[in-house]
Amino acid sequence: QVQLVESGGGLVQAGGSLRLSCAASGRTFSSYAMGWFRQAPGKEREFVAVISWSGGSTYYADSVKGRFTISRDNAKNTVYLQMNSLEPEDTAVYYCGAGGIVNKRLLGDYWGQGTQVTVSS
């Protein structure tokens with residue numbers, strides 16, 4: 001069992017940056033791929049980024065490639081999402097997930113409650 005708690009969301013102006021964190025409980029954190037999805041109002045949840053259990057592989061949605069960076073610290077049971085050059089279209093609730101990688105996407109077994117990111121124009 002893995003429990004996930006996201007933090008770091010907030011309100012930022014377009015062009016700004018935020019770093020999301022996802023703290024995991026459970027002794028098996030390092031055996032899971034970790035990733036981020038987001039859901040904007042009225043839209044389906046969409047994949048953002050995923051990182052393998054070792055941190056050696058990362059994959060991103062085309063919409064965030066070059067702007068967002070996913071990383072993890074297995075000693076701290078934490079995964080991060082550094083978001084730069086934010087755009088109003090990035091406004092969404094961001095969810096952290098733990099699971100496996102399928103077709104360069106996270107297939108999540110566990111999910112956090114989400115953290116709101118709002119980008120003003």
Side-chain angles (χ1 to χ4, degrees):
Q1 189 78 8
V2 177
Q3 294 183 328
L4 305 172
V5 179
E6 303 96 334
S7 62
L11 174 64
V12 63
Q13 289 188 330
S17 298
L18 282 175
R19 188 176 81 156
L20 305 183
S21 299
C22 174
S25 63
R27 291 176 292 179
T28 59
F29 170 80
S30 62
S31 65
Y32 287 96
M34 300 294 298
W36 294 90
F37 274 67
R38 67 186 181 185
Q39 188 166 19
K43 295 187 177 181
E44 294 186 354
R45 188 177 294 195
E46 64 173 356
F47 166 76
V48 175
V50 64
I51 187 167
S52 62
W53 67 271
S54 67
S57 297
T58 58
Y59 303 102
Y60 298 91
D62 288 343
S63 59
V64 306
K65 203 171 294 184
R67 300 188 298 124
F68 290 11
T69 302
I70 189 170
S71 61
R72 66 189 296 163
D73 185 338
N74 286 343
K76 296 182 178 180
N77 281 9
T78 301
V79 63
Y80 305 97
L81 186 68
Q82 177 66 44
M83 306 186 295
N84 299 328
S85 303
L86 283 161
E87 304 168 352
E89 292 75 22
D90 296 315
T91 295
V93 177
Y94 284 70
Y95 297 91
C96 173
I101 297 178
V102 177
N103 295 329
K104 299 182 178 181
R105 298 288 186 267
L106 176 72
L107 182 63
D109 294 321
Y110 304 100
W111 295 98
Q113 293 300 306
T115 186
Q116 176 70 46
V117 171
T118 302
V119 184
S120 63
S121 58

Any chance NZ of K43 has more than 12 other-residue heavy atoms, nucleotides or ligands included, within less than 6.0 Å?
no
Between the CG atom in D73 and the OG atom in S30, the distance rounded to the nearest 0.5 Å is 11.5 Å
Determine whether a donor-acceptor pair (N or O, by modelled atom type, separation under 3.5 Å) exists between the side chain of T91 and the backbone of V119.
yes
Do the side chains of L81 and L86 join up, straight or via other hydrophobic residues, at under 4.5 Å, putting them in one cluster?
yes
Heavy atoms from other residues, nucleotides or ligands near CD of Q3 exceed 12 (cutoff 6.0 Å):
no
Classify the ring geometry of Y32 against Y110: parallel below 30°, tilted from 30° to 60°, perpendicular beyond 60°.
perpendicular
So how far is it from L4 CG to F29 CZ, rounded to the nearest 0.5 Å?
8.0 Å
In terms of hydrophobic clusters joined by side-chain contacts under 4.5 Å, are L18 and V79 together?
yes
I want to check a possible cation-pi pair here: R67 against Y60, using under 6.0 Å from ring centre and within 45° of the ring axis as the test.
no
Does one hydrophobic cluster hold both V2 and M34, with members joined at side-chain heavy-atom distances below 4.5 Å?
yes
Between W111 and F37, does the ring centre distance come in under 6.0 Å?
yes
With hydrophobic residues grouped by side-chain heavy-atom distances under 4.5 Å, do L20 and I51 end up in a single group?
yes
